[in-house]
Amino acid sequence: MIPLERERTLAQAGRAIESFLARAGWRARIEDCGERLQAAICWLHDGDGEAFANGYGKGEREAARIGALYEAVEHVYANAQSPHERIELLPAQALADDPRYAALPFAAELGRQGERQLSCRRYLPFFADDERDALAVPLFLVRPSATEALLPGDDFDYSSVIRYGSNSGVAIGASVEEAAVHAIGELVERDSWSLFLAAHFLGDPASFGAWIEPGSLPEEVARVHAAAQRQLGREVRLIEATSDLGVPVFIATTDRIAAGEAVFPGGYGASLYAGHAAIRALTELVQAVLIGRRLETVSAYSRQTLEALAEYPKLRDCAYFQVDFERLPRRRWDHAPRERQAPAVLLRELLARLGERGIQVRHAINHREGDAFCVVSCVALELERFLLVTTGMVMAPGRRGMALLARARSAAAQETAAA
């Protein structure tokens, strides 16, 4: 059976990636953690036996192992520079004058450094190959670690903006369409995650998100929810965080923190298939807990994040992620099931839904390995990236987050006036 949003069965996907590894001369080492719901950790080793990339997988055993393999390969190319991509120098003022950049939290900095040049990568709309439709995206915004790729003559001072860089929106798939569906899903998921953080910890917790009644979950989601609770030994709570974009998004967390955990664990999922999004969130929650137990570096990183935000209590609360369920509305599951569709069809629907909200998605291909796989990078400048606060970055929400907070304040003021 072909999994949702995919073009191949798990067995076919496994054969494709293993054939690639053999051609590349790489070796994969996979470690399994957990019971029925598992986390898999994959390390890639080169011909000399040196580990050079890793990836995580989640779900039942076969899905977790193949997912970890693909994610490890994705990470190789997430920050890699394609020999075919075009990097160019542009004056910061050109971007500052472009209204498409206005939603970014650091848009004013582009104007302040207007005379300076910065390295940009060109992203195209889907289904269009005309370079005149390309969007020049600052390289640091999509590849923050690739400072060696900055062009000679790049004199932009990145010190105040580098915190907003992220490789979110990069995904691997059997085709451009499959990879893009997952890349856009990640952008939407992290936009909703950002909005939830802003509303819950900076504003009114009741203004965004709802705690889903466990008894209302559809059968398959309920089964995974129950399995997650048994494995973690505590209550697992599922939060709906679907935004105005209309793409179902869910967050899974726990009712309490366990020994050895520095922060409340979380799992996140987005998909046009609501049940699939919820299952992703639940399995990612289990993955987060299992990998945190297995790798001390993960817990250490969480502790460092809290220390970095110690002087900013509200931002620290975002990273600690103790949800106030008493103030979160409760809701029954109300998503209707939908028919299985090919990734190419799903991609067009995602683009249409975002386009209706004024969100333009563009893409660039990081790597194409014949018919084996493709790694795609997608950007949507309007979407929120406040979630980066959970990595220890001191920042404010962007335009979507600030608008949400403003609406919540206005609603509260109207209620007070009416009382």
Side-chain angles (χ1 to χ4, degrees), residues 104-106 109 144-145 159-168 189-211 232 234-239 241 243 249-268 281 284-285 287-289 291-293 295-329 383-409 412:
L104 293 171
F106 58 85
E109 188 63 26
S145 62
S159 58
S160 64
V161 301
I162 194 67
R163 72 190 73 181
Y164 294 102
S166 167
N167 60 12
S168 288
E189 166 199 301
R190 295 184 176 185
D191 174 78
S192 282
W193 179 5
S194 297
L195 295 177
F196 182 82
L197 291 173
H200 202 84
F201 299 106
L202 305 185
D204 176 11
S207 65
F208 187 80
W211 179 7
L232 300 186
R234 46 190 149 150
E235 185 180 348
V236 170
R237 295 174 174 177
L238 190 64
I239 300 166
S243 73
V249 179
F250 292 89
I251 300 171
T253 187
T254 55
D255 65 328
R256 64 185 186 277
I257 204 165
E261 292 176 343
V263 301
F264 277 75
Y268 309 86
E284 187 172 279
L285 171 67
Q287 178 194 67
V289 172
I291 290 177
R293 291 173 183 169
L295 301 177
E296 171 56 29
T297 53
V298 174
S299 295
Y301 181 77
S302 296
R303 289 190 291 271
Q304 291 165 6
T305 294
L306 296 179
E307 291 171 6
L309 299 173
E311 296 181 13
Y312 306 89
K314 287 185 177 293
L315 299 185
R316 187 182 183 278
D317 289 345
C318 292
Y320 189 58
F321 203 59
Q322 184 174 13
V323 176
D324 185 351
F325 284 96
E326 293 298 319
R327 300 178 63 191
L328 199 63
L383 296 184
E384 263 295 340
R385 43 182 72 207
F386 180 60
L387 73 116
L388 294 173
V389 71
T390 63
T391 67
M393 299 295 179
V394 176
M395 60 173 57
R399 186 163 62 183
R400 278 174 60 77
M402 296 301 288
L404 175 64
L405 291 173
R407 289 194 297 271
R409 286 194 296 269

Chemist: What class does the angle between the rings of Phe201 and Phe321 fall in, given that below 30° is parallel, 30 to 60° is tilted and above 60° is perpendicular?
Modeler: tilted

Chemist: Taking all heavy atoms of Gly165 and all of Pro144, pick out the closest pair and write down the distance.
Modeler: C-CG, 3.7 Å

Chemist: Does atom CD (Glu296) have a neighbourhood of more than 12 heavy atoms from anything else shown, all under 6.0 Å?
Modeler: yes

Chemist: Report yes if some heavy atom in the side chain of Leu404 is under 4.5 Å from a heavy atom in the side chain of Phe208; otherwise report no.
Modeler: yes

Chemist: If I take atom CG from residue Asp204 and atom CZ from residue Arg407, how far apart are they, to the nearest 0.5 angstrom?
Modeler: 12.5 Å

Chemist: Passes side-chain contact (heavy atoms from CB on, under 4.5 Å), Leu328 versus His200? Steps please.
Modeler: CA-CA 9 Å; Leu328 199 63; His200 202 84; 4.1 Å; yes

Chemist: Within this structure, what is the CD-CG distance for the pair Glu384 and Asp191, rounded to the nearest 0.5 Å?
Modeler: 6.5 Å

Chemist: Can you tell me how far the CG atom of Leu315 sits from the CG atom of Leu306, to the nearest 0.5 Å?
Modeler: 12.0 Å

Chemist: Is any side-chain heavy atom of Leu387 closer than 4.5 Å to a side-chain heavy atom of Tyr268?
Modeler: no

Chemist: Can you name the nearest heavy-atom pair linking Gly292 to Ser299, along with the distance?
Modeler: O-OG, 3.5 Å

Chemist: Between Ser207 (side chain only) and Ala199 (backbone N and O only), is there a donor and an acceptor less than 3.5 Å apart?
Modeler: no

Chemist: With rounding to the nearest 0.5 Å, note down the distance linking CG in Leu388 to OG in Ser168.
Modeler: 6.5 Å

Chemist: Mind checking whether Tyr312 and Val389 have side chains closer than 4.5 Å, heavy atoms only?
Modeler: no

Chemist: Rounded to the nearest 0.5 Å, what separates atom CH2 in Trp211 from atom CG in Asp324?
Modeler: 10.5 Å

Chemist: Going by atom types only, do Ser166 and Arg385 share a side-chain donor-acceptor pair under 3.5 Å?
Modeler: no

Chemist: Looking only at non-hydrogen atoms, find the nearest pair between Ala281 and Ala252 and report the distance.
Modeler: O-CB, 3.5 Å

Chemist: Decide yes or no for Thr253 and Phe325: does some side-chain heavy atom of the first lie under 4.5 Å from some side-chain heavy atom of the second?
Modeler: yes

Chemist: What is the minimum heavy-atom distance between Tyr164 and Ala396, and which atoms define it?
Modeler: OH-N, 3.9 Å

Chemist: Compare all side-chain heavy atoms of Phe196 with those of Ser243 and state whether any distance is below 4.5 angstrom.
Modeler: no

Chemist: When you look at Tyr320 and Leu309, which way does the side-chain contact (heavy atoms from CB on, under 4.5 Å) test go after all the steps?
Modeler: CA-CA 10 Å; Tyr320 189 58; Leu309 299 173; over 6 Å; no

Chemist: I want to check something: taking the side chain as every heavy atom from C-beta on, are Arg237 and Val323 in contact at a cut-off of under 4.5 Å?
Modeler: no

Chemist: Tell me, with the steps shown, if Thr391 and Arg163 meet side-chain contact (heavy atoms from CB on, under 4.5 Å).
Modeler: CA-CA 9 Å; Thr391 67; Arg163 72 190 73 181; over 6 Å; no

Chemist: Using a strict threshold of under 4.0 Å (side-chain N to carboxylate O), is an ion pair present between Glu261 and Arg234?
Modeler: yes

Chemist: Taking C-beta and beyond as the side chain, do Phe106 and Ile162 meet within less than 4.5 Å on heavy atoms?
Modeler: no

Chemist: Minimum heavy-atom separation for Pro329 to Gly209, with atom names?
Modeler: CD-O, 3.6 Å

Chemist: Kindly indicate whether the side chain of Leu195, heavy atoms from C-beta on, has any atom under 4.5 Å from the side chain of Arg400.
Modeler: yes

Chemist: Apply side-chain contact (heavy atoms from CB on, under 4.5 Å) to residues Val289 and Thr254 and explain how you reach the verdict.
Modeler: CA-CA 10 Å; Val289 172; Thr254 55; 5.5 Å; no

Chemist: Where is the tightest heavy-atom contact between Leu405 and Pro397, given as atom of each residue plus distance?
Modeler: CD1-CG, 4.4 Å

Chemist: Rounded to the nearest 0.5 Å, what's the gap from CD1 on Ile251 to CG on Leu197? Could you check?
Modeler: 7.0 Å

